[in-house]
J.: 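Have a look at the structure that comes next, please.
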Amino acid sequence: MSHPDSSADAPAPTIPDRPGLEGLEDRWDATWEEQGTYRFDRTKARADVFSIDTPPPTVSGSLHVGHVFSYTHTDTIARYQRMAGREVFYPMGWDDNGLPTERRVQNYFGVRCEPSMPYDPDFAAPDDAGDPKAIKKRGDVAISRRNFIDLCHVLTAEDEQAFEALFRRLGLSVDWNQHYATIDERCQRASQRAFLRNLARGEAYQIEAPSLWDVTHRTAVAQAELEDRERPGAYHRLAFHLPAGTSASDGSNDLHIATTRPELLAACVALVAHPDDERYQPLFGTTVTTPVFGVEVPVLAHELADPEKGTGIAMICTFGDTTDVIWWRELDLDVRAIINRAGRVNPEPPQGIGSEAGLAAYARLAGKTIFSAQAEMVEILRETQELVGEPEAITHQVKFFEKGDKPLEIVTSRQWYIRNGGRDTDLRTALIARGDQMAWHPPYMQTRYTNWIDGLNGDWLISRQRFFGVPLPLWYPLDEDGEPIHDTPIVPAEADLPVDPSSDPAPGYNESQRGRPGGFAGDTDVMDTWATSSLSPQIACGWEEDNDLFARTYPMDLRPQAHDIIRTWLFSTAVRSHFEADTAPWGHCALSGWILDPDRKKMSKSKGNVVTPLDLLDKHGSDAVRYWAANGRPGTDTAFDDGQMKNGRRLAIKIMNASRFALGFGTDSGTPLAVDPEAITDPLDRAMLLGLAGLVDEATQAFDGFDYARALERTEAWFWTFTDDHVELVKSRAYEGDEAGAESARHALRLALSTLLRLFAPFLPFVTEEVWSWWRGGSVHRQAWPTSDKLRDAATVDGEHVDPTTAAVAAAALAEIRRHKTTEKRSLATPVTACTLTDTAERLALLRPVLGDVTAAARATGIDLVEGDALSAEVTLEPAAG
RNA sequence: GGACCGUUAGCUCAGUUGGCUAGAGCGCUCGCCUCACACGCGAGAGGUCACUGGUUCGAGUCCAGUACGGUCCACCA
């Protein structure tokens with residue numbers, strides 16, 4: 001790295017006459033690539049490295065403005081850290097694993113994954129890919145999982161190129177040699193290896209239990225993937241019947257139950273009310289019979305029952321919602337499941353329905369979807385006159401899989417879990433404590449992490465009944481009847497990873513034994529996409545594959561991400577690092593906000609208000625868009641603002657023009673564009689440098705706290721004052737002052753420019769690099785971050801200091817005179833024939849040494865100073881011509 | 001129901017440990033071709049800092065509460 005203020009290696013200065021922003025992005029991107037400007041030097045020691053756990057964007061469509069926003073935040077920090085002397089490890093990942101990609105590949109190629117099919121090495125992508133008409137005509141082709149994954153690679157490779165192009169255009173200082181894709185072999189290996197280790201240590205386990213089930217995708221889903229949606233529904237009052245001889249408080253023989261899911265009546269296993277509810281206390285321990293089906297069910301007490309809801313007594317079905325699961329478990333009830341994995345009513349009635357009428361009614365429901373079953377059930381209830389009154393329409397929150405479009409059901413199935421503290425207090429406490437090992441930016445985001453862990457009600461369900469993902473690396477031996485023995489899964493050796501149990505035979509078996517009695521069966525499930533992305537630090541840092549790199553980068557320094565995925569990505573990553581390395585995965589988490597559209601709603605595709613990032617970059621220029629993004633405070637949702645981008649463009653142009661001025665003196669006279677602190681002798685120049693030193697301190701402090709927005713705000717504010725005041729004041733002296741004065745002005749301008757370009761470099765990488773290249777060698781992005789002590793040294797002459805407020809006093813004096821010109825609607829170039837300036841003695845003392853600059857900038861022949869209470873001026877202007 | 005964040009000029013937002021007449025940009029109004037920049041420059045108007053109490057010599061800033069907006073979680077018979 002060259003000395004920041006040396007120009008020994010500088011090329012001959014070339015300052016364009018009409019500098020512009022057009023084309024800077026492509027030109028500098030190519031240069032940075034060619035010169036390896038952002039390449040990671042893996043010989044650096046851990047303490048000198050700053051490693052970033054870049055979020056891998058989902059490769060299933062296109063990037064949006066939110067990506068531009070948050071990735072810019074990270075990039076400003078990366079650039080600062082690089083200039084501050086850290087070797088930045090800044091890889092890029094692509095998340096091409098999971099449901100969004102799977103769907104896209106299915107549609108694009110017209111294929112359907114069939115995990116039971118053998119791998120076909122000669123399979124080629126259909127040549128009508130991307131032609132929906134042709135695909136519709138021929139129908140989907142069934143292919144093996146491995147062939148399906150091959151196709152995923154084909155399609156995602158195209159997206160990844162487009163994403164990289166956009167990120168380069170945006171100016172991310174990523175080392176493009178360091179990248180991964182969550183479905184690539186390396187990630188599969190890491191993902192399977194981590195799972196096997198979880199299994200070996202008892203952190204992963206399988207169990208047959210009710211779990212959340214998405215009927216559209218026919219897969220289990222995890223608690224972290226739920227979202228609530230408001231749906232219309234209706235309370236239906238059903239008449240349950242008390243045993244003969246007893247009666248309810250109202251004297252009737254019926255007990256009324258309110259439910260929004262009458263279609264589950266056949267799955268009812270009990271009724272439940274609050275233990276303190278006097279209305280139902282007499283019934284606890286007794287049984288009632290269900291309407292229509294005539295099944296005898298117990299009436300039980302549980303404190304989760306809410307006396308205020310419905311009629312205060314609920315029917316427990318297996319399973320209508322998560323509360324049913326709790327009741328079922330804690331009250332030790334029967335299973336009477338009627339909904340299958342496709343979201344339809346089972347053809348066979350559950351145990352317990354004995355009556356002919358009950359069986360006939362069930363037959364009318366069998367095979368129906370949940371929606372039609374409900375309508376049919378209501379009709380049956382009307383017929384038997386066991387529907388009390390009319391259904392009462394309500395709107396309520398219903399749980400959905402975040403990528404699903406039908407309400408979640410609860411289905412009993414065998415699934416794999418990883419412990420996450422949801423059922424284990426000690427682990428929960430330990431994971432919450434991991435949060436204290438990370439510095440959160442902004443700090444209150446840690447509360448969300450803690451709250452999420454506190455609210456967990458089960459372990460992390462990681463198996464998915466899908467195809468495109470990392471397979472669970474497991475096989476099961478088959479008994480003599482050909483049934484899998486789940487308790488003794490067969491695992492591969494780590495050296496053989498990755499494996500696909502649906503096409504690779506289990507160790508110790510050969511392929512001919514697949515599915516045969518005494519043979520083996522491969523697990524057909526894949527892992528949750530978060531089970532892979534939760535390993536992003538391990539993957540990026542070369543865990544178990546590149547120990548040297550790993551030792552220099554892990555645990556990582558920074559995880560930047562959006563706040564909405566604290567519960568998924570952030571938390572699951574913490575879980576994996578806790579188990580695997582007994583550490584927090586990073587030292588810092590920086591949470592970015594969202595982009596809101598001008599109506600203050602979250603920008604989303606469905607609302608049709610997304611602006612494509614490339615259009616934005618084309619229209620405003622990358623620096624301008626980055627400027628807007630960097631104005632969004634950490635963690636704060638930010639409105640999309642065209643105006644801020646225009647402002648950013650204005651700033652970039654101003655930097656060019658100001659630079660042209662500051663560098664415009666050396667070339668004419670043939671002197672090199674050196675910066676010699678010794679030449680800076682004028683008090684105004686020195687005062688300006690002291691102000692700049694203060695700015696450097698502020699910007700550095702802000703960046704050290706990951707507050708890029710503050711660093712930008714301060715730098716920008718100082719810069720505009722610099723151009724409006726300082727440049728105007730010293731202009732005459734720089735052009736035509738005596739030699740010492742002129743040289744002082746020129747050297748100070750260049751020192752200021754050199755400093756400002758470096759302060760702006762993290763935000764506006766293109767324009768700063770362009771200007772830097774006019775007069776300096778090397779990339780501005782590899783220069784040392786400025787330090788204030790050098791500026792303070794330069795401002796000190798023979799041990800004598802100058803009062804930094806001198807600059808403000810001089811600027812105020814000039815502004816006062818300009819105000820007169822403006823008020824009289826005259827040009828600022830109008831000569832001042834006489835001027836008397838009044839100010840306090842203290843301020844006049846500061847003004848005297850720099851009065852020459854003020855006089856010249858005011859175009860005055862002279863300025864008389866008079867002591868007074870406050871600043872004021874009497875100004876006589878040259879009469880207007882004509 | 002619990003938690004967190006926010007409420008400052010027409011708009012978007014600063015205001016760091018409480019301290020001089022509350023700031024910026026945009027927008028608006030009025031001017032100005034001034035040898036870096038008209039993709040510019042100068043000036044001006046515009047705010048009871050959501051509300052109510054409290055602490056203090058002093059509160060936009062601290063405390064308590066209220067209202068409104070947002071987010072997360074829980075509940076959802």
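Chain naming here is simple, since letters A, B, ... match the order of the sequence lines and numbering starts at 1 in each.
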J.: Figure out the CD/P separation between Glu728(A) and rG40(B), and round it to whole Å.
T.: 15 Å

J.: Using the salt bridge (Lys or Arg N to Asp or Glu O under 4.0 Å) rule, take Asp685(A) and Arg733(A) through it: C-alpha gap first, then chi angles, then the decisive distance, then the call.
T.: CA-CA 11 Å; Asp685(A) 298 332; Arg733(A) 178 157 52 88; 2.9 Å; yes

J.: Looking only at atom C1', what distance separates rU34(B) and rG70(B), rounded to whole Å?
T.: 49 Å

J.: Taking the P atom in each of rC72(B) and rA9(B), what is the distance between them to the nearest angstrom?
T.: 27 Å

J.: Is it the case that more than 12 heavy atoms not belonging to Arg423(A) sit under 6.0 Å from its CZ atom?
T.: no

J.: Quote, to the nearest angstrom, the C1' distance that separates rU7(B) from rA43(B).
T.: 32 Å

J.: Name all residues meeting the ring pair (Phe, Tyr, Trp, His ring centres under 6.0 Å) criterion together with Tyr627(A); count only those two or more places apart in sequence or in a different chain, and write none if there are none.
T.: none

J.: Assign Ala658(A) to base, sugar-phosphate, or nothing according to its heavy-atom contacts below 4.0 angstrom with the strands shown.
T.: base

J.: Closer than 3.5 angstrom, by distance alone: can the side chain of His236(A) be matched with the main-chain N or O of Ala234(A) as a donor-acceptor pair?
T.: yes

J.: Just to be sure I understand the rule, does Thr323(A) reach a base, reach only the sugar-phosphate, or reach nothing, if contact means heavy atoms closer than 4.0 Å?
T.: sugar-phosphate

J.: Is there a side-chain polar atom (N or O) of Arg819(A) under 4.0 Å from OP1 or OP2 of rG44(B)?
T.: yes

J.: Identify whether any heavy atom of Ala314(A) sits under 4.0 Å from a base atom; if not, whether one sits that close to sugar-phosphate; answer base, sugar-phosphate or nothing.
T.: base

J.: Could you tell me whether Arg567(A) sits above the aromatic face of Trp530(A), with NZ or CZ closer than 6.0 angstrom to the six-membered ring centre and within 45 degrees of the axis?
T.: no

J.: Suppose we define a pair by two distances each less than 3.5 Å, Watson-Crick or G-U wobble; what does rA45(B) pair with here?
T.: none

J.: Could you list the residues that satisfy ring pair (Phe, Tyr, Trp, His ring centres under 6.0 Å) with Phe240(A), not counting sequence neighbours?
T.: none

J.: Contact class for Lys821(A) (heavy atom, under 4.0 Å): base, sugar-phosphate, or nothing?
T.: nothing

J.: Taking atom C1' of rC37(B) as reference, at what distance in whole Å does atom CH2 of Trp774(A) sit?
T.: 11 Å

J.: Tabulated below should be each protein N or O lying under 3.5 Å from an N or O of nucleotides 14-18 of chain B; please produce it.
T.:
residue	atom	partner	partner atom	Å
rA14(B)	O2'	Glu713(A)	OE1	2.8
rA14(B)	O2'	Glu713(A)	OE2	2.7
rG15(B)	OP1	Arg710(A)	NH2	2.9

J.: Mind checking whether Phe69(A) and Trp594(A) have ring centres under 6.0 Å apart?
T.: no

J.: Suppose you measure atom C1' in rG23(B) against the same atom in rA45(B); what distance do you get, rounded to whole Å?
T.: 16 Å

J.: At under 4.0 Å between heavy atoms, what does Leu304(A) touch on the DNA or RNA strands: base, sugar-phosphate, or nothing?
T.: base

J.: Just name whichever nucleotide pairs with rC4(B), Watson-Crick or G-U, keeping both distances under 3.5 Å, else none.
T.: rG70(B)

J.: Taking the basic N atoms (NZ, or NE/NH1/NH2) and the acidic carboxylate oxygens, is any pair closer than 4.0 Å for Glu713(A) and Arg633(A)?
T.: yes

J.: Please check if the side chain of Arg649(A) supplies one atom and the backbone of His620(A) the other of a donor-acceptor pair under 3.5 Å.
T.: yes

J.: Determine the interatomic distance between C1' on rC62(B) and the same-named atom on rU21(B); round to the nearest Å.
T.: 24 Å

J.: Under a 3.5 Å limit for both distances, which nucleotide forms a Watson-Crick or G-U wobble pair with rG60(B), could you say?
T.: none

J.: Can you tell me the pairing partner of rA9(B) across any strand shown, Watson-Crick or G-U wobble, with both distances under 3.5 angstrom?
T.: none

J.: Salt bridge (Lys or Arg N to Asp or Glu O under 4.0 Å), that's the test. Do Glu409(A) and Arg261(A) meet it? Break it down for me.
T.: CA-CA 12 Å; Glu409(A) 292 299 326; Arg261(A) 301 207 54 186; 3.0 Å; yes

J.: Tell me if the side-chain of Lys654(A) makes a donor-acceptor pair with the base of rC37(B), cut-off 3.5 Å, by modelled atom types.
T.: yes

J.: Between rA14(B) and rU61(B), how far apart are the C1' atoms? Round to whole Å, please.
T.: 13 Å

J.: If you look at every strand shown and take non-hydrogen atoms under 4.0 Å, does Ile316(A) touch a base, only sugar-phosphate, or nothing?
T.: nothing

J.: Nearest whole Å is fine: how far is rG42(B) C1' from Glu824(A) CD?
T.: 14 Å

J.: Is there a Watson-Crick or G-U wobble partner for rC76(B) with both distances under 3.5 Å, and if so, which one is it?
T.: none

J.: Is the CD atom of Glu227(A) crowded by more than 12 outside heavy atoms at less than 6.0 Å?
T.: yes

J.: Decide if atom CD of Gln281(A) counts as having more than 12 heavy atoms of other residues, nucleotides or ligands within a radius under 6.0 Å.
T.: yes

J.: Rounded to the Å, how far apart are Ile566(A) CD1 and rA3(B) C1'?
T.: 13 Å

J.: Sort out the partner of rC32(B) for me: Watson-Crick or G-U wobble, both distances under 3.5 Å, none otherwise.
T.: rG40(B)

J.: Crowded around Glu824(A) CD? As in, over 12 foreign heavy atoms under 6.0 Å?
T.: yes

J.: May I ask you to say what Asp306(A) touches in the nucleic acid, namely base, sugar-phosphate or nothing, with a heavy-atom cut-off under 4.0 Å?
T.: base

J.: Could you give the CZ-to-C1' distance, from Phe571(A) to rC73(B), as a whole number of Å?
T.: 14 Å

J.: Which part of the nucleic acid, if any, lies within contact of Ala662(A), taking any heavy atom under 4.0 Å across all strands shown: a base, the sugar-phosphate backbone alone, or nothing?
T.: nothing

J.: Nearest whole angstrom, please: distance from the P of rU34(B) to the CG of Leu828(A).
T.: 10 Å

J.: Contact class for Val727(A) vs. all strands (heavy atom < 4.0 Å): base, sugar-phosphate, or nothing?
T.: base

J.: Contact class for Lys731(A) vs. all strands (heavy atom < 4.0 Å): base, sugar-phosphate, or nothing?
T.: base

J.: Classify Lys825(A) by what it touches in the nucleic acid, base, sugar-phosphate, or nothing, heavy-atom distance under 4.0 Å.
T.: sugar-phosphate

J.: Anything under 3.5 Å between a protein N or O and an N or O of nucleotides 25-29 of chain B, put it in a table, one pair a line.
T.:
residue	atom	partner	partner atom	Å
rG25(B)	O2'	Asn647(A)	ND2	2.8
rC26(B)	OP1	Arg650(A)	NH1	3.0

J.: Write down the distance separating the P atoms in rC51(B) and rG44(B), rounded off to the nearest Å.
T.: 28 Å

J.: Quote, to the nearest angstrom, the C1' distance that separates rA3(B) from rG27(B).
T.: 38 Å

J.: 5'-most contact on RNA chain B: Arg18(A) or Pro307(A), nearest heavy atom basis?
T.: Arg18(A)

J.: Searching all strands shown, indicate the nucleotide that pairs with rG65(B) (Watson-Crick or G-U wobble; both distances under 3.5 Å).
T.: rC51(B)

J.: With sequence neighbours excluded, tell me which residues meet ring pair (Phe, Tyr, Trp, His ring centres under 6.0 Å) with Trp460(A).
T.: none

J.: My understanding is that a pair needs two contacts under 3.5 Å, Watson-Crick or G-U wobble. By that rule, which nucleotide pairs with rA22(B)?
T.: none

J.: Going by number, which of residues 446-457 of chain A have a non-hydrogen atom under 4.0 Å from RNA chain B?
T.: Thr447(A), Arg448(A), Asn451(A), Trp452(A)

J.: Which of parallel (below 30°), tilted (30 to 60°) and perpendicular (above 60°) describes Trp440(A) and Tyr449(A)?
T.: tilted

